[in-house]
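No hydrogens, no waters, no symmetry mates; every other heavy atom, side chains included, goes into these values. To find a chain, count down the sequence lines: A is the first, B the second, and so on, and within it residues start at 1.
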Protein chains: 2
Amino acid sequence: MKEALVSDTKLDHRPLYEVKANLFKGLAHPLRVRILEVLADAEETSVTDLLVDSGLEASHLSQHLSVLRRHHLVVSERKASQVFYRLAYPQIADLLAVARVLLVEILETTQQQLVSTVDLPPVGRPAVASSTEAAAK
Amino acid sequence: MKEALVSDTKLDHRPLYEVKANLFKGLAHPLRVRILEVLADAEETSVTDLLVDSGLEASHLSQHLSVLRRHHLVVSERKASQVFYRLAYPQIADLLAVARVLLVEILETTQQQLVSTVDLPPVGRPAVASSTEAAAK
DNA sequence: TCATGACTTTATAAATCCATCATATCGCAG
DNA sequence: CTGCGATATGATGGATTTATAAAGTCATGA
């Protein structure tokens, strides 16, 4: 069973699907995804560069970086008065890439469905139906 | 730029990293990961089977399935009085697999770090320091 | 030591998610 | 049509996350 992997680990008895969900929680914010993508494109990135990219206030960015650290997704290194971040594991970039592939598929499919709906002849109030559809996602 | 992909899409102008984060939100609950994993192992699965596997009350499971449907992660099909679910895209299984690889790496590394800490000679109150370390994750 | 730039932590209100229960809907058989 | 099994939806309070600003810490140069 999948839990067996984690059960054998000395200090953490949570099922793997629970640990996975926790990982996804760490990824479940736009800015944190953005940060990871920027980090995936460079060896390491200074907080200053991340601040410029994100347009955030320093404390706001730091809060998100803290979440990423806590989830073991990034590691930081201080060099004098500057701090640099990098991805903790190369597999994180893999995960983001696979997610992208999936999303491309989802977006293509759902857009096709929207187009199909739009091509249908009017039934009642098509304008309302179409805005309901858009609101669903 | 990455946003260009989504910007060209007719109805959805959100940056891709935002759409990705939304995808991860759909995945950010243990039971929803579990459900997807069960679905990944079969062609299709009845709600009844999912109820047995999860041990949930019907309405609780249904709420989670609703989230998965809304995120386009599963599709449902009613056959008489029973409803069957399956993964909406095969790439979802890929995503879960990559996440697993990443987690294995993370868990191995963090466990090694814990072991290294335990091997250190006592400094002050090792018992307290060790429980602080465990609480950190 | 002090001032300052760089970055982190603390604190807190608002927003969102989760757990749970009540109710509604769908399909089938009698 | 009614009853019932199967499943979905609505509602709501508690828990967690997010957004934001204030305060704190670290490193450096004068």
Side-chain angles (χ1 to χ4, degrees), chain A residues 14-15 17-36 38-39 44-71 73-86 132 135-137, chain B residues 14-15 17-36 38-39 44-71 73-86 132 135-137:
Chain A
R14 289 182 298 170
Y17 60 83
E18 197 170 306
V19 184
K20 272 189 198 175
N22 190 56
L23 166 67
F24 291 129
K25 279 183 187 176
L27 297 165
H29 187 285
L31 279 173
R32 292 205 289 281
V33 172
R34 176 66 187 154
I35 290 165
L36 293 172
V38 171
L39 295 187
E44 65 178 11
T45 308
S46 69
V47 171
T48 306
D49 286 343
L50 289 172
L51 283 172
V52 172
D53 179 82
S54 65
L56 281 187
E57 188 184 309
S59 65
H60 301 168
L61 174 63
S62 210
Q63 288 269 32
H64 285 298
L65 288 171
S66 172
V67 172
L68 291 174
R69 287 199 308 275
R70 200 181 72 234
H71 281 84
L73 293 169
V74 296
V75 288
S76 62
E77 183 179 10
R78 180 176 276 274
K79 297 176 182 175
S81 67
Q82 294 221 305
V83 178
F84 292 81
Y85 278 79
R86 64 174 188 277
T132 303
K137 183 57 173 38
Chain B
R14 289 182 298 170
Y17 60 83
E18 196 171 307
V19 184
K20 272 189 197 175
N22 191 57
L23 165 67
F24 290 130
K25 280 183 187 176
L27 295 166
H29 187 284
L31 279 173
R32 293 204 289 280
V33 171
R34 177 66 187 155
I35 290 165
L36 293 172
V38 171
L39 295 187
E44 66 178 8
T45 308
S46 69
V47 171
T48 305
D49 286 343
L50 288 171
L51 282 172
V52 172
D53 180 82
S54 64
L56 281 189
E57 188 185 310
S59 63
H60 301 170
L61 175 63
S62 210
Q63 289 266 32
H64 284 297
L65 288 171
S66 172
V67 172
L68 292 174
R69 286 199 309 274
R70 200 180 71 235
H71 281 83
L73 293 169
V74 297
V75 289
S76 61
E77 183 181 9
R78 180 177 274 274
K79 297 177 182 175
S81 68
Q82 294 222 304
V83 179
F84 291 81
Y85 279 78
R86 64 174 188 276
T132 303
K137 181 58 178 39

Colleague: Between the protein and nucleotides 9-11 of chain C, list every N/O to N/O distance that falls short of 3.5 Å.
Modeller:
residue	atom	partner	partner atom	Å
C:dT9	OP2	A:R69	NH2	2.8
C:dT10	O4	A:Q63	NE2	2.6
C:dA11	N6	A:Q63	NE2	2.6

Colleague: What integer distance in Å separates A:F24:CZ from D:dT17:P?
Modeller: 16 Å
Colleague: What is the distance from atom CG of B:D53 to atom OG1 of B:T45, rounded to the nearest 0.5 Å?
Modeller: 9.0 Å
Colleague: In terms of the angle between their ring planes, are B:F24 and A:F24 parallel, tilted or perpendicular, with boundaries placed at 30° and 60°?
Modeller: parallel
Colleague: Within this structure, what is the CD-to-P distance between B:E77 and D:dA8, rounded to whole angstrom?
Modeller: 13 Å
Colleague: Are A:H29 and C:dT16 close enough that a side-chain N or O sits under 4.0 Å from OP1 or OP2?
Modeller: no
Colleague: Can a side chain N or O of B:H64 be found less than 4.0 Å away from OP1 or OP2 on C:dA19?
Modeller: yes
Colleague: Side chains of B:L27 and B:R32: does their closest heavy-atom pair fall under 4.5 Å?
Modeller: no
Colleague: Mapping A:K25 and A:L65 to their closest nucleotides on DNA chain C, which lands nearer the 5' end?
Modeller: A:L65
Colleague: It should be established whether A:Y85 places a side-chain nitrogen or oxygen under 4.0 Å from OP1 or OP2 of nucleotide C:dA6.
Modeller: no
Colleague: Short question: side chain of A:R34, backbone of A:L36 - any donor-acceptor pair under 3.5 Å?
Modeller: no
Colleague: Between the protein and nucleotides 25-30 of chain D, list every N/O to N/O distance that falls short of 3.5 Å.
Modeller:
none

Colleague: Starting from P on C:dC17, measure out to CG on B:L27 and report it in whole angstrom.
Modeller: 13 Å
Colleague: Taking atom C1' of D:dA8 as reference, at what distance in whole Å does atom CZ of B:F84 sit?
Modeller: 17 Å
Colleague: Which of residues 44-51 of chain B have a heavy atom under 4.0 Å from DNA chain C?
Modeller: none
Colleague: What's the verdict on side chain to side chain contact (heavy atoms under 4.5 Å, CB included) for B:L39 and B:L73, showing C-alpha distance, side-chain angles and the deciding distance?
Modeller: CA-CA 11 Å; B:L39 295 187; B:L73 293 169; over 6 Å; no
Colleague: Roughly how far, to the nearest 0.5 Å, is the CD atom of A:Q82 from the CD atom of A:E77?
Modeller: 12.0 Å
Colleague: Atom CG of B:L56 and atom P of C:dC21: how far apart are they, to the nearest Å?
Modeller: 12 Å
Colleague: Would you kindly compare A:A28 and B:L61 by the position of their nearest DNA chain D nucleotide and give the one closer to the 5′ end?
Modeller: B:L61
Colleague: Between A:N22 (CG) and D:dT16 (C1'), how many Å, whole number?
Modeller: 12 Å
Colleague: Taking all atoms of both residues into account, what is the closest heavy-atom pair of A:L61 and A:S54, and its distance?
Modeller: CD1-OG, 4.5 Å
Colleague: Only one of B:L68, B:V67, B:V74 forms a side chain to side chain contact (heavy atoms under 4.5 Å, CB included) with B:H71, so which one is it?
Modeller: B:V67
Colleague: Whole Å only: how far is the CG atom of B:L68 from the P atom of D:dT9?
Modeller: 13 Å
